Amino acid sequence: MTAPLRIAVAGLGTVGAGLLRLLADNADPIAQRCGRRIVVAAVSARDRARDRGVALDGIAWHDDAARMAAEADVDVFVELIGGGEGVARRAIEAALGRGKPVVTANKALLALHGVALARLAEAKGAALAYEAAVAGGIPVIKALREGLAGNRVRRVYGILNGTCNFILTQMRRTGKPFTEVLAGAQKLGYAEADPSFDVDGIDAAHKLAILAAVAFGAEVDFAGIHVEGIREVGALDIEYAGELGYRIKLLGLARMTENGLEQRVHPCMVPLETPIAHVEDVFNAVVVEGDFVGRVVLEGRGAGAGPTASAVVADLMDIARGRPTTTFAVPASTLARARVAPMDLHRGAYYIRLMVADRPGVIADVTAALRDEAVSLESMLQRGRHPDEAVPVVLTTHETEEAAMRRALDRIARLGTVREKPRLIRIEAL
Ligand SMILES: NC(=O)c1ccc[n+]([C@@H]2O[C@H](COP(=O)([O-])OP(=O)(O)OC[C@H]3O[C@@H](n4cnc5c(N)ncnc54)[C@H](OP(=O)(O)O)[C@@H]3O)[C@@H](O)[C@H]2O)c1
C-alpha cells in the first residue's frame, strides 16, 4: 500500500469532529478503496480543552489554523471552520499558496471568493474540493462534474436549505404561523439562534452560486442572485397551496436564458406531482436537467455531522487516489463572466394573496389593475363573508413578465380596500 495521506484539519466542531469519527470508524474500507490510509496528522480549533468526543492522541495541535496551513507537514489541508472571510480564507490561501490541496465545506467563502481561490489553486497545481459545501451529503458536485459531464445543463434547481424545508414542512403539518414554527425549530436545534442566514435565503444562495458555476462553467456570482427568504410565507398561503395542487418550497434555481444567467432563491409553488414537492423535513434535493440525460433527481441529508463528513471524505479519497479535479468543472481561466438576467425580465406564473375589505367593487378594481398590465388571470378563489373583516382573495396568473406583475401589484397594494401587503409566490413549471 502507498504511504498514508496525511491531513491537517482546521475546525473540530460539528463537521470536523464528524470527519474524525468517520475516518476512524471506516478506516479499513476507505484504505481498501483508495489504496492508502487517510491519517489525521494535525488539527486546530479554538479551545484545546474542549471534549469533542473524538481521540486526539498523537495528533499535533495548532492554536493558529492559518499557521498550520502554512507550515504543517501534511499532504492536504481540510478547512472546517467556516465564514466568508477571516481565518478560513487566510488558511486556505496559505495552503494553496504552498501547493497543498484543500478540502472545505465552506459555502460562504466559495460563494464570495470562489473564482480567486480557483485561480490560485490552478496556478499552484493544487486541488480545491468542496463537495460538502453544497447540499451536505448529496454528491451533487461530483454528479455534475463527472457523471453528467457530457451534458449541457439546461437548468439546475433544488431545496438547498434544510432549516427552511423543515419550517415549511412543519407549517403545513401543523397550520401554525412562521414565527411559532421557527421558535420550535430553534428549540430542536434545527435553526440557529440568529436564523437570518437560513430563513432569509442567504445560505441557499451561497450554494446556488456554486452549483451554477459548476453547471454553466460561469464565474461564481453571488451578487447576481435574486434572493427572498421564507419569513413572509403565511399559514394561509400554505393552506391555499394545498388546495391549488402545490407545495411551497424554498428553491434555488439557475438557468441560462437569452438575457443571461438567471439565478433565483425564493419560495416557490411546486406542483404536487413533482418529486421535489415530496422532499420534506430537513432533507435537501437537487435536480439537474441535462440535454441528453433529461432530469436527474438527487435527494438526501443536506447537513449534520455524518452527511457532511461523508462528502468531505469523498473529496479526500479523490486526492488520495491522485485523481485530478478542476475546481468549477472547467479551467478557472476559461470560466465565463455571465451576464445577469434581470429579474424584471423573468417570465413565469404567479400566486397572489390579498386581504381585502368584503365590499362590492373590490374585485373589479383588482382585475382592472391586472388587465392594464396585460396580466392574465388563471384562477381566483374568494371565500368567507365577513362584512367587517378583511377576507382573503387568491389569484393565480398565466405566464407573465415579472415587471408587469410588480407594477400591477403596486397599484393593487395602494387600493384603499386592500388591507395588508399583497403576498406573491412564483409558480414554477418543473
Ligand atoms: N454543520 C453542518 O451541518 C454543515 C453542513 C455543510 C457545511 N457546513 C460548513 O462546514 C463548516 C463548519 O461548520 P460546523 O457546523 O462544523 O461549525 P462549528 O460546529 O461551529 O465548528 C467550527 C469549528 O471551528 C473552530 N474555530 C473557530 N474559529 C477558529 C479559529 N480562529 N481557529 C481555529 N479554529 C476555529 C471552532 O473551534 P472550537 O470548537 O474550539 O470553538 C470549531 O471547532 C462551515 O463552513 C459550514 O458552513 C456545515
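In each ligand, atom 1 is the first atom listed, and ligand 1 is the first ligand listed. Computed from a predicted structure; not experimentally measured.
A donor atom on one side chain and an acceptor atom on the other are found under 3.5 Å apart for E228 and H226. Side-chain atoms of H346 and E262 include a donor-acceptor pair closer than 3.5 Å. Between the side chains of Y157 and E428, not a single donor N or O lies within less than 3.5 Å of an accepting N or O. In this model, a donor atom of one side chain and an acceptor atom of the other lie less than 3.5 Å apart for D237 and Y351.
With respect to atom 38 (P) of ligand 1, the closest heavy atom belonging to the protein is R50 NH1, 3.4 Å. The protein non-hydrogen atom at the shortest distance from atom 10 (O) of ligand 1 is A105 CB, 3.4 Å. Protein heavy atom in closest approach to atom 31 (N) of ligand 1: V87 CG1, 3.5 Å. Looking only at protein heavy atoms, the nearest one to atom 34 (N) of ligand 1 is A45 CA, 3.3 Å. In terms of protein heavy-atom proximity, atom 44 (C) of ligand 1 is nearest to G82 CA, 3.6 Å. When hydrogens are left out, the protein atom nearest atom 37 (O) of ligand 1 is R46 N, 3.2 Å; that is the closest non-hydrogen contact. Among protein heavy atoms, atom 19 (O) of ligand 1 sits closest to T14 N, 2.9 Å. The nearest heavy-atom contact from the protein to atom 47 (O) of ligand 1 is K107 CE, 3.2 Å.
Ligand 1 has no atom lying under 4.0 Å from any heavy atom of A10. The closest approach between a heavy atom of E79 and any atom of ligand 1 is not below 4.0 Å.
One finds a salt bridge joining E402 and R426 here, because a Lys/Arg side-chain nitrogen approaches an Asp/Glu carboxylate oxygen to under 4.0 Å. Looking at R323 and D318, a side-chain N of the basic residue comes within less than 4.0 Å of a carboxylate O on the acidic one, giving a salt bridge. Between R90 and D64, none of the side-chain N atoms (NZ, or NE/NH1/NH2) sits under 4.0 Å from a carboxylate O, so this pair counts as no salt bridge.
Listed by number with element, the atoms of ligand 1 under 4.0 angstrom from any heavy atom of S44 are 33 (C). Listed by number with element, the atoms of ligand 1 under 4.0 Å from a non-hydrogen atom of L12 are 23 (C), 42 (C), 43 (O). Which parts of ligand 1 touch R52 is read off a 4.0 Å heavy-atom cut-off, strictly below it: atoms 38 (P), 39 (O), 40 (O), 43 (O). With ligand atoms numbered from 1 in the order given, ligand 1 contributes 3 (O) to contacts under 4.0 Å with heavy atoms of A303.
Only the backbone of A132 comes within 4.0 Å of ligand 1, counting heavy atoms alone; no side-chain atom from C-beta on gets that close. For T308, every heavy-atom contact with ligand 1 shorter than 4.0 Å involves the side chain, none the backbone. Heavy atoms from both the backbone and the side chain of D47 come within less than 4.0 Å of ligand 1.
The distance from atom CG of D200 to atom CD1 of I230, rounded to the nearest 0.5 Å, is 9.0 Å.
Ring pair F328/Y130: centre-to-centre distance below 6.0 Å.
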Walk me through it: do R255 and E289 pass the test salt bridge (charged side-chain N to carboxylate O under 4.0 Å, His left out)? CA-CA 10 Å; R255 68 188 171 127; E289 293 170 358; over 6 Å; no
Salt bridge (charged side-chain N to carboxylate O under 4.0 Å, His left out) evaluation trace for R48 with D63: CA-CA 8 Å; R48 191 169 185 169; D63 287 320; 5.5 Å; no
Go through the steps to decide whether E232 and K421 satisfy the test salt bridge (charged side-chain N to carboxylate O under 4.0 Å, His left out), and finish with yes or no. CA-CA 10 Å; E232 294 206 342; K421 185 180 160 201; 3.0 Å; yes
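Of all the listed residues (I81, L110, L19, L80), I81 holds the heavy atom that lies closest to atom 32 (N) of ligand 1. Remark: among candidates G11, G13, A65, G86, the nearest residue to atom 21 (O) of ligand 1 is G13, based on non-hydrogen atoms.
Taking distance alone, with nitrogen or oxygen atoms compared against 3.5 Å, G304 approaches ligand 1 more closely than that limit. Polar contact with ligand 1: present for V15 (N/O pair, distance under 3.5 Å). The shortest N or O to N or O distance between G136 and ligand 1 is not under 3.5 Å. Of the N or O atoms in D63, none lie within a sub-3.5 Å distance of an N or O in ligand 1.
Legend: residues meeting side chain to side chain contact (heavy atoms under 4.5 Å, CB included) with A24, ordered by chain and number and at least two apart, are absent.
Heavy atoms from other residues, nucleotides or ligands lying under 6.0 Å from CZ of R52 number more than 12.
Atom 40 (O) of ligand 1 is flagged as protein-proximal [any protein heavy atom, distance under 4.0 Å].
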